[in-house]
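Heavy-atom basis, side chains included; hydrogens, waters and symmetry copies ignored.
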Amino acid sequence: MNFKHLRYFWTTAKAGGIMRAGEQLNTTPQTLSGQIKQLEEWLGHDLFRKRGRGLELTAEGRVALGYAEQIFTLGDELEKSIRLARGQSRPITFRVGVADSVAKSVAYHLLEPALGLAEQVHMTCHEGKFPELVAQLSLNRLDLVLADEPVSKKIGVKAFNHGLGTSSMSFFCAPALRSQLQGPFPKCLHGAPMLIQGPMSSVRQQLDHWFNKHQLQPRLVGEFDDSALMNAFGREGRGVFTSPTVLEEETQAQFGVEVIGRSTELVEEFFAISVERRISHPCVAAITKAARSDLFAA
């Protein structure tokens with residue numbers, strides 16, 4: 001394939017027409033049309049069709065545009081990755097996935113040491129469902145996955161769990177809601193509006209068991225996969241919510257809420273998951289060391 005022809009097609013599709021694409025490429029419309037025609041002949045399909053005074057992509061053109069986007073995006077990434085200014089050292093590439101069940105504040109504290117290395121680091125963070133992130137890890141598209149559960153052998157992926165630490169859970173609510181709760185903790189949760197993690201969260205499963213054990217039936221207001229959204233609703237007084245005790249002071253300061261109680265029966269665990277049995281990536285090493293010696297030291 002002549003990639004010059006493909007770039008002409010790509011530019012025309014993004015510009016929305018031959019004239020504007022010609023101006024961007026500093027070439028004549030006739031030359032541009034001829035180059036695209038050669039690409040169409042090579043592919044055996046028309047990529048554009050006339051619509052009024054303009055052009056629109058055919059079905060085959062939309063497919064070609066999708067591939068062209070990937071090709072030229074990767075080309076730009078290649079250039080940025082390889083080309084360096086004279087005397088400039090290449091930064092350490094660190095690709096990390098964060099399970100959406102991990103609180104954003106916890107993720108920040110866990111990842112921050114990676115940027116404190118003496119070497120320059122280029123960190124790319126992806127958030128998603130735990131199984132999807134583990135799949136990306138197995139394909140070497142990620143260097144690390146941060147999660148609140150270990151990877152199971154049932155998943156069929158060769159990965160290793162590196163425990164970072166554990167934290168008990170604290171219960172929070174806005175001051176206005178606190179004044180409406182009746183009785184001491186945890187009895188004050190009975191009938192109280194509750195914001196809770198989604199059913200797939202490890203903390204959610206513990207909470208369900210804990211409520212049954214203490215014969216509590218809070219009024220379930222909302223379920224959230226995103227802890228930051230849950231905390232935002234809690235800040236506005238929509239319900240009681242939980243967060244790791246290790247970040248208790250930070251949660252109070254950030255959301256203007258009060259602690260109404262704590263439970264050591266509820267424990268959230270955090271793991272760094274990698275394909276390395278023995279950690280060698282400097283960013284992963286910095287994360288595990290700081291988590292064990294500082295964040296979860298108590």
Among all residues two or more places apart in sequence or in another chain, which pass the salt bridge (charged side-chain N to carboxylate O under 4.0 Å, His left out) test with R141?
-> none
Which residue pairs pass the side-chain hydrogen bond (donor to acceptor under 3.5 Å, both in side chains) test when at least one of the two sits in residues 188-203, sequence neighbours left out?
-> Q197-T242
What residues form a ring-ring contact (aromatic ring centres under 6.0 Å, His included) with H281, not counting sequence neighbours?
-> F94
Do W10 and I71 have side chains that get closer than 4.5 Å, going by heavy atoms?
-> no
Listed once per pair and sorted, the side-chain hydrogen bond (donor to acceptor under 3.5 Å, both in side chains) pairs that draw on residues 205-214, sequence neighbours left out = R204-D208, W210-H214, W210-S263, W210-E265, K213-E265, H214-E265
Taking salt bridge (charged side-chain N to carboxylate O under 4.0 Å, His left out) as the test, write out the residues that go with D226, two or more places apart.
-> K104
List for me each residue that meets side-chain contact (heavy atoms from CB on, under 4.5 Å) alongside R49, sequence neighbours excluded, and say none if there are none.
-> E56, T58
May I ask you to decide if A176's main-chain N or O and S179's side chain share a donor-acceptor pair within less than 3.5 Å?
-> yes
Residue list, ring-ring contact (aromatic ring centres under 6.0 Å, His included) with F233, at least two apart or on another chain | F224
Any residue meeting side-chain contact (heavy atoms from CB on, under 4.5 Å) with T27, in chain and number order, not counting sequence neighbours | L25, T31, L32
Quick one: list whatever passes side chain to side chain donor-acceptor pair (under 3.5 Å) with T264, sequence neighbours left out.
-> none
Partners passing salt bridge (charged side-chain N to carboxylate O under 4.0 Å, His left out) against K14 (at least two apart in sequence or in another chain) | E69
Which ring-ring contact (aromatic ring centres under 6.0 Å, His included) pairs, counting each pair once, include a residue from residues 21-58, with sequence neighbours left out?
-> F9-F48
Say whether, by atom type as modelled, one donor and one acceptor occur between the side chain of H162 and the main chain of E276 under 3.5 angstrom.
-> yes
How would you list, by chain and number, every residue that makes a side chain to side chain donor-acceptor pair (under 3.5 Å) with R262, sequence neighbours excluded?
-> E248
Would you say P244 and F270 make side-chain contact, with heavy atoms under 4.5 Å?
-> yes
Mind checking the CD1-CD spacing from I92 to E119? Nearest 0.5 Å is all I need.
-> 4.5 Å
